[in-house]
There are 2 protein chains.
Amino acid sequence: MNKTISDIAQMAGVAKSTVSRFLNGGSVSENTRQKIEQIIKQYNYVPNTFAQSLKAKKTSIIGTVVPRLDSFATSQTLIGIDEELRNNQYQMLIANTSQDMKREIDGIYDFARQKVSGIILLAAEVTEAHLKAIEEIGIPVLLVGQQHPNIHSLVHNDDQAGYEMGKYIVQQGHRNIVYMGVTERDQAVGIHRKQGFKRAIAECGECQVTYHETSFKMSEAVATAEAIVRDRKATIIVGATDNIALGVMKTAFSNKIRIPQELSVTGFGGYDITEMIHPTLTTVKFHYLQAGKLAADHIIRLVQGGVVEKQTVLDVEIIPRESVDKL
Amino acid sequence: MNKTISDIAQMAGVAKSTVSRFLNGGSVSENTRQKIEQIIKQYNYVPNTFAQSLKAKKTSIIGTVVPRLDSFATSQTLIGIDEELRNNQYQMLIANTSQDMKREIDGIYDFARQKVSGIILLAAEVTEAHLKAIEEIGIPVLLVGQQHPNIHSLVHNDDQAGYEMGKYIVQQGHRNIVYMGVTERDQAVGIHRKQGFKRAIAECGECQVTYHETSFKMSEAVATAEAIVRDRKATIIVGATDNIALGVMKTAFSNKIRIPQELSVTGFGGYDITEMIHPTLTTVKFHYLQAGKLAADHIIRLVQGGVVEKQTVLDVEIIPRESVDKL
DNA sequence: CTGAAAGCGCTTACAG
DNA sequence: CTGAAAGCGCTTACAG
């Protein structure tokens with residue numbers, strides 16, 4: 001059976017308030033200190049966190065809501081968050097929503113009920129329901145990967161990513177381009193990334209781009225790419241994410257189309273796998289790990305009542321590799 | 001400010017015990033039910049989980065200790081666990097240890113302190129320290145991916161996986177084989193998987209196998225493969241995991257060695273990516289998602305005092321694809 | 001069906 | 001430096 005603070009106090013021959021004081025670094029005489037320490041060690045006593053939290057009315061837990069667990073972006077970001085949180089004696093609680101928007105909202109409320117100190121939200125979309133929930137719970141919330149004027153946000157520079165990729169492929173001589181994007185409900189990827197790309201293309205003058213929409217799933221990208229690839233009009237397909245690019249490559253392989261000789265392909269994300277495959281994929285690297293750490297820093301600061309810039313934008317980095325042919 | 005049960009009771013004109021009874025599905029008169037319901041709705045009241053747990057002395061939280069977050073196996077398993085837990089009104093708490101054994105042990109104790117109802121342990125290795133921790137905390141623990149006679153375990157049939165892969169490549173005509181494995185401290189992968197493989201080879205008679213050790217990291221596998229690949233003696237390299245196989249393929253690509261014409265490659269795991277790349281990778285599929293769900297089922301049953309078979313072994317499935325040449 | 005009271009394990013002023 | 005007491009928000013017998 002687990003010992004309580006009263007048991008310890010009794011065995012040490014002191015009052016529980018004294019034990020509590022000892023536990024929380026208050027001043028205790030050398031003599032009692034030793035007695036208490038000894039008993040605690042002997043019985044392997046650990047304070048009950050519920051009782052502590054009940055008094056303190058707060059926890060050192062940060063809740064993180066993620067749309068999915070099986071994504072490079074998510075896991076890297078989580079690793080960053082976890083590491084930094086741990087360095088600051090905070091704990092990370094994860095709620096996976098499996099892309100279910102309703103569960104995302106539920107997750108926010110659940111976290112609030114559990115009295116987490118702050119919430120990091122890796123959402124794909126920010127709806128009215130999100131805003132309402134965030135306001136209602138009265139707990140600091142940090143948005144990662146998406147931005148919203150009313151909420152503290154941390155984003156990758158998607159516009160820059162799109163722009164640099166656009167510039168790069170134009171510079172490599174591509175003029176007939178297909179862009180495989182995602183729904184505009186995802187502002188970061190669906191809108192900003194594409195917008196940056198469009199800006200680069202606009203500066204080109206003689207470029208032809210066709211825009212297609214697909215989902216974040218590789219399998220769906222494979223299907224969407226099928227018709228495009230067969231068409232053979234474009235010299236390059238720009239996937240809005242590495243997964244989409246991977247899907248496009250798959251389709252090219254099955255159709256015996258050589259990359260990059262017959263078709264160039266690019267992605268966004270900088271997933272590890274993109275440099276393991278053949279040909280290696282030209283992509284834009286996002287600093288997920290760093291984003292995670294920064295997110296943790298920011299939420300901690302917010303929790304502690306500190307001030308954090310409302311919007312933080314992280315730089316990205318284009319990585320030219322083998323999947324793009326120079327025309 | 002958050003309302004407490006006393007506030008609600010007062011506003012509804014009843015005692016807090018009545019509100020509590022209502023909350024926990026006890027019998028209340030229709031009249032008071034309505035009053036309470038109304039007030040609760042109006043003030044958006046949610047019970048304080050700490051106070052609840054403090055009384056109940058338990059939570060509906062299952063802690064999961066994982067060695068890493070950025071692995072297909074881990075994320076799939078976690079998704080399975082999370083889904084099943086959620087279906088049973090349990091919550092999943094994740095502790096990532098980044099392959100740090102000490103943090104693994106700490107994680108177990110931390111969870112105990114937080115009074116989780118049960119712990120699922122995705123360990124790579126079971127040491128004395130693990131055993132000691134598990135015994136000390138007195139909370140149900142389920143081991144996933146590794147097995148130990150003293151602990152409830154859920155494993156993939158690694159022996160079978162190794163055996164079937166061995167049989168398959170022999171049957172495809174391979175006789176000069178390299179097996180790239182991992183440390184034997186990882187019993188499942190380092191020992192059982194290899195053992196099954198050896199058994200198949202032993203039945204072959206005329207087969208030559210060289211065993212090499214590498215780590216779970218793709219980058220390290222790339223390095224380890226370098227010398228082996230240049231050597232050109234083997235017709236096939238069997239990677240003990242898909243990541244190792246991916247590393248081998250990478251090395252082959254950089255050395256302009258064609259797969260499978262000049263070198264066949266296989267892996268274990270059945271990661272999604274293995275069917276997206278070119279050539280597609282022959283591998284053994286592990287049912288991670290199912291393992292996760294089953295793990296959740298088992299731990300819940302253990303928590304509720306039910307009985308669970310000590311050792312559960314999940315079938316695996318070989319998936320022949322393009323990366324193996326028929327000689 | 002309903003309420004008063006005790007208690008879960010801790011912390012925090014307040015005296016001494 | 002130390003202890004008695006109140007209280008955090010809830011649940012649970014026990015009476016009525």
task: Any pair with a residue in residues 60-69 of chain A that passes salt bridge (charged side-chain N to carboxylate O under 4.0 Å, His left out), sequence neighbours left out, goes on the list, sorted by first then second residue, please.
output: Arg68(A)-Asp70(A)
query: Which whole-number value in Å describes the distance from Asp7(A) CG to dC8(C) C1'?
result: 13 Å
task: Quickly work out the Asn48(A) CG to dC10(D) C1' distance and round it to whole Å.
output: 14 Å
Write down the protein N/O and nucleotide N/O pairs, taken from nucleotides 2-6 of chain C, whose separation is under 3.5 Å; answer none if there are no such pairs.
{"unit_1": "dT2(C)", "atom_1": "OP1", "unit_2": "Ser29(B)", "atom_2": "OG", "d": "2.8"}
{"unit_1": "dT2(C)", "atom_1": "OP1", "unit_2": "Thr32(B)", "atom_2": "OG1", "d": "3.4"}
{"unit_1": "dT2(C)", "atom_1": "OP2", "unit_2": "Ser29(B)", "atom_2": "N", "d": "2.9"}
{"unit_1": "dT2(C)", "atom_1": "OP2", "unit_2": "Thr32(B)", "atom_2": "OG1", "d": "3.0"}
{"unit_1": "dG3(C)", "atom_1": "OP2", "unit_2": "Ala15(B)", "atom_2": "N", "d": "3.0"}
{"unit_1": "dG3(C)", "atom_1": "OP2", "unit_2": "Thr18(B)", "atom_2": "OG1", "d": "2.7"}
{"unit_1": "dG3(C)", "atom_1": "N7", "unit_2": "Ser17(B)", "atom_2": "OG", "d": "3.4"}
{"unit_1": "dG3(C)", "atom_1": "N7", "unit_2": "Arg21(B)", "atom_2": "NH2", "d": "2.9"}
{"unit_1": "dG3(C)", "atom_1": "O6", "unit_2": "Arg21(B)", "atom_2": "NH2", "d": "3.3"}
{"unit_1": "dA4(C)", "atom_1": "N6", "unit_2": "Ser17(B)", "atom_2": "OG", "d": "3.0"}

- prompt: Quick one: is dG9(C) close enough that its OP1 or OP2 comes under 4.0 Å of any side-chain N or O from Gln52(A)?
  reply: no
statement: Rounded to whole Å, CD of Gln114(B) lies from C1' of dG9(C) at a distance of 16 Å
Dot-bracket pairing map - DNA chain D, Watson-Crick plus G-U, both contacts under 3.5 Å, | cross-strand: |||.||||||||.|||
- request: Rounded to the nearest angstrom, tell me the gap between atom CG in Leu54(A) and atom P in dT12(C).
  value: 12 Å
- request: Figure out the CZ/C1' separation between Phe22(B) and dC10(D), and round it to whole Å.
  value: 16 Å
query: Atom CD1 of Ile5(A) to atom C1' of dT12(C): distance rounded to whole Å?
result: 12 Å
message: If the cut-off is 4.0 Å, is Asn24(B) near the phosphate of dT11(D), judged by side-chain N/O to OP1 or OP2?
response: yes
task: Taking only the side-chain nitrogens and oxygens of Tyr45(B), find out if one of them lies under 4.0 Å from OP1 or OP2 of dG9(D).
output: no
Please tabulate, for side-chain N and O atoms in residues 94-101 of chain A, each donor-acceptor pair with protein atoms closer than 3.5 Å (sequence neighbours left out).
{"unit_1": "Asn96(A)", "atom_1": "OD1", "unit_2": "Ser98(A)", "atom_2": "N", "d": "3.2"}
{"unit_1": "Asn96(A)", "atom_1": "ND2", "unit_2": "Ser98(A)", "atom_2": "OG", "d": "3.4"}
{"unit_1": "Thr97(A)", "atom_1": "OG1", "unit_2": "Val66(A)", "atom_2": "O", "d": "3.3"}
{"unit_1": "Asp100(A)", "atom_1": "OD1", "unit_2": "Lys102(A)", "atom_2": "N", "d": "2.9"}
{"unit_1": "Asp100(A)", "atom_1": "OD1", "unit_2": "Arg103(A)", "atom_2": "N", "d": "3.4"}

field: Value in whole Å for how far the C1' atom of dT12(D) lies from CG of Leu23(B)
entry: 14 Å
query: Could Glu136(B) and Lys132(B) be called an ion pair, given the rule that one side-chain N must be under 4.0 Å from one carboxylate O?
result: yes
message: Going by side chain to side chain contact (heavy atoms under 4.5 Å, CB included), name the residues that satisfy it together with Ala188(B), two or more places apart in sequence or in a different chain.
response: Gln146(B), Asp158(B), Asp186(B)
task: Would you mind classifying the nucleic acid contact of Thr4(B) as base, sugar-phosphate or nothing, using non-hydrogen atoms under 4.0 angstrom?
output: sugar-phosphate
- prompt: Taking everything shown except Glu128(A) itself, do over 12 heavy atoms lie less than 6.0 Å from its CD?
  reply: no
- prompt: Which pairs count as salt bridge (charged side-chain N to carboxylate O under 4.0 Å, His left out) when at least one residue sits in residues 27-54 of chain B, sequence neighbours excluded?
  reply: Glu30(B)-Arg33(B), Arg33(B)-Glu37(B)
message: For Lys55(A), give me all partners under side chain to side chain contact (heavy atoms under 4.5 Å, CB included), at least two apart in sequence or on another chain.
response: none
- request: Kindly write out the residues that satisfy side chain to side chain contact (heavy atoms under 4.5 Å, CB included) with Asp7(B), not counting sequence neighbours, or none if the list is empty.
  value: Lys3(B), Thr4(B)
- prompt: Lys35(B) has an atom NZ; how far is it from atom P of dC1(C), in whole Å?
  reply: 15 Å
message: I'd like to check the side chain to side chain contact (heavy atoms under 4.5 Å, CB included) partners of Thr18(B); sequence neighbours left out, ordered by chain and number.
response: Val14(B), Ala15(B), Arg21(B), Val28(B), Ile36(B)
